[in-house]
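Take a look at the structure below.
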Amino acid sequence: MDKSQIGRAGELAIELYTLITARGEVDVYSPVVDDDHVDLVAGIRGGPPTLGIQVKTTPSLDHSGLVEARASYPVGRIREDLNFLYAVVLLDAVRIQAMWLIRSPDFNRLAYRIVDSGREILEFRGRPSGDDTFSSFRVDPMQIGPTLITCIGESPHAPQWIVALAAR
């Protein structure tokens with residue numbers, strides 16, 4: 001599979017795991033247009049969307065045994081919002097082998113930063129098990145739904161950028 005297909009598979013895996021592990025209590029879906037780095041939108045079933053999620057998926061570990069993911073933005077345009085999450089997924093066929101859910105303020109603070117050609121690149125490198133910078137954000141795949149329910153409950157009301165995505 002190419003990078004785009006792997007990314008879409010990760011999004012679909014999160015949707016499936018959320019549906020099953022939240023027992024249908026979380027609506028999660030892809031916006032029609034993938035812009036503003038939002039791959040999925042989530043909210044409590046029947047309520048307004050509350051979270052925007054950027055999904056980063058990899059099918060394998062790097063040469064150091066780490067999961068690596070990058071998010072690239074124009075310099076000065078990195079989204080910092082409690083309602084915006086990064087989901088980093090190590091996907092083994094259709095099974096989520098390891099996953100992290102990280103609110104953007106934490107991801108932005110902890111990720112390694114590179115500035116190149118007018119772009120600011122945030123780099124995630126985490127171990128599928130054990131301790132590292134991101135280990136406290138690792139989520140058991142069978143707890144994705146309950147974790148999203150907690151994130152939704154702790155989030156401020158839906159910001160306009162999420163409402164606009166859901167209206168498309």
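- In this structure, R45 and G24 approach most closely via the heavy-atom pair CD-O, 3.0 Å.
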Step-by-step ring pair (Phe, Tyr, Trp, His ring centres under 6.0 Å) determination, W100 to F124: CA-CA 10 Å; W100 296 257; F124 168 96; 5.1 Å; yes
Please report the C-alpha distance between I53 and V55 in whole Å, then the side-chain angles of each, then the deciding distance to 0.1 Å, and finally whether the side-chain contact (heavy atoms from CB on, under 4.5 Å) criterion is met. CA-CA 6 Å; I53 305 168; V55 180; 4.1 Å; yes
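- In this pair, F134 and F107 present their aromatic rings tilted. The plane angle is within the 30 to 60° band.
- Residues I114 and L122 are members of separate hydrophobic clusters, defined by side-chain heavy-atom contacts under 4.5 angstrom among Ile, Leu, Val, Met, Phe, Trp and Tyr.
- Separating the CD atom in E80 from the CG atom in N108 is a distance of 4.5 Å, to the nearest 0.5 Å.
- Atom CZ of R8 is surrounded by more than 12 heavy atoms from other residues, nucleotides or ligands within 6.0 Å.
- Around CZ of R113, the count of heavy atoms belonging to other residues, nucleotides or ligands within 6.0 Å exceeds 12.
- The pair D106-R103 does not count as a salt bridge, with every side-chain nitrogen at least 4.0 angstrom from each carboxylate oxygen.
- Residues G145 and A22 share a closest heavy-atom pair of CA-CB, 3.7 Å.
- Remark: T150 OG1 to Q143 CD distance equals 9.5 Å, nearest 0.5 Å.
- Placement of L85 and V28 within a single hydrophobic cluster is found when ILVMFWY residues are connected by side-chain heavy-atom separations under 4.5 Å, directly or transitively.
- Under the 4.5 Å side-chain criterion, counting only non-hydrogen atoms from C-beta, V115 is not in contact with I121.
- Residues L61 and P128 meet the side-chain proximity criterion, which asks for heavy atoms closer than 4.5 Å.
- Sorted by first then second residue, the side chain to side chain donor-acceptor pair (under 3.5 Å) pairs that include residues 53-67, not counting sequence neighbours, are H37-Q54, Q54-Y73, D62-R125.
- Here the closest heavy-atom approach between residue A42 and residue I152 is recorded as C-CD1, 4.3 Å.
- Shortest non-hydrogen contact noted between T50 and S155 is CG2-CB, 3.8 Å.
- Although no hydrogens or angles enter the test, the distance criterion places a donor-acceptor pair under 3.5 Å between the side chain of R138 and the main chain of G130.
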Go through it in stages, so that I can follow the logic: the residues are V67 and V89, the test is side-chain contact (heavy atoms from CB on, under 4.5 Å), and I'd like the CA-CA distance, side-chain angles, deciding distance and then a yes or no. CA-CA 8 Å; V67 171; V89 179; over 6 Å; no
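- Not one N or O on the side chain of N83 forms a donor-acceptor pair closer than 3.5 Å with the backbone of G52.
- Note that CG of L91 is 9.0 Å distant from CD of Q97, once rounded to the nearest 0.5 Å.
- Both Y17 and L148 are members of a single hydrophobic cluster when ILVMFWY side chains are connected at heavy-atom separations under 4.5 Å.
- At most 12 non-hydrogen atoms from other residues, nucleotides or ligands lie less than 6.0 angstrom from CZ of R23.
- When every heavy atom of G46 is checked against every heavy atom of D27, the shortest pair comes out as N-OD2, 3.3 Å.
- Atom CD of E154 and atom CG of L82 lie 9.5 Å apart (nearest 0.5 Å).
- M99 and L51 fall within a single hydrophobic cluster, where Ile, Leu, Val, Met, Phe, Trp and Tyr are joined by side-chain heavy atoms under 4.5 Å apart, directly or via other members.
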What's the verdict on side-chain contact (heavy atoms from CB on, under 4.5 Å) for L66 and E68, showing C-alpha distance, side-chain angles and the deciding distance? CA-CA 6 Å; L66 301 173; E68 185 174 305; 5.9 Å; no
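- Considering only residues two or more places apart in sequence or on other chains, F137 meets the ring pair (Phe, Tyr, Trp, His ring centres under 6.0 Å) condition with none of them.
- In this model, a donor atom of one side chain and an acceptor atom of the other lie less than 3.5 Å apart for S72 and R119.
- Y29 places a side-chain heavy atom less than 4.5 Å from the side chain of P49.
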The test is side-chain contact (heavy atoms from CB on, under 4.5 Å); show your working for V26 and I149 and say whether it passes. CA-CA 7 Å; V26 174; I149 290 170; 3.3 Å; yes
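- Residues meeting the ring pair (Phe, Tyr, Trp, His ring centres under 6.0 Å) test with Y112, sequence neighbours left out: none.
- Here I20 contributes atom CD1 and E15 contributes atom CD; the two are 12.0 Å apart, rounded to the nearest 0.5 Å.
- Side-chain contact check for E120 versus P74: every heavy-atom pair is 4.5 Å or farther apart.
- One hydrophobic cluster, built from ILVMFWY side chains closer than 4.5 Å, holds both I102 and I162.
- With rounding to the nearest 0.5 Å, the separation of CD1 in I14 from CG in D39 is 8.5 Å.
- For D92 (side chain) and R95 (main-chain N/O), no donor-acceptor pair under 3.5 Å exists by modelled atom type.
- Scanning both residues, E11 and L40, for their nearest heavy atoms gives O-CD1, 4.0 Å.
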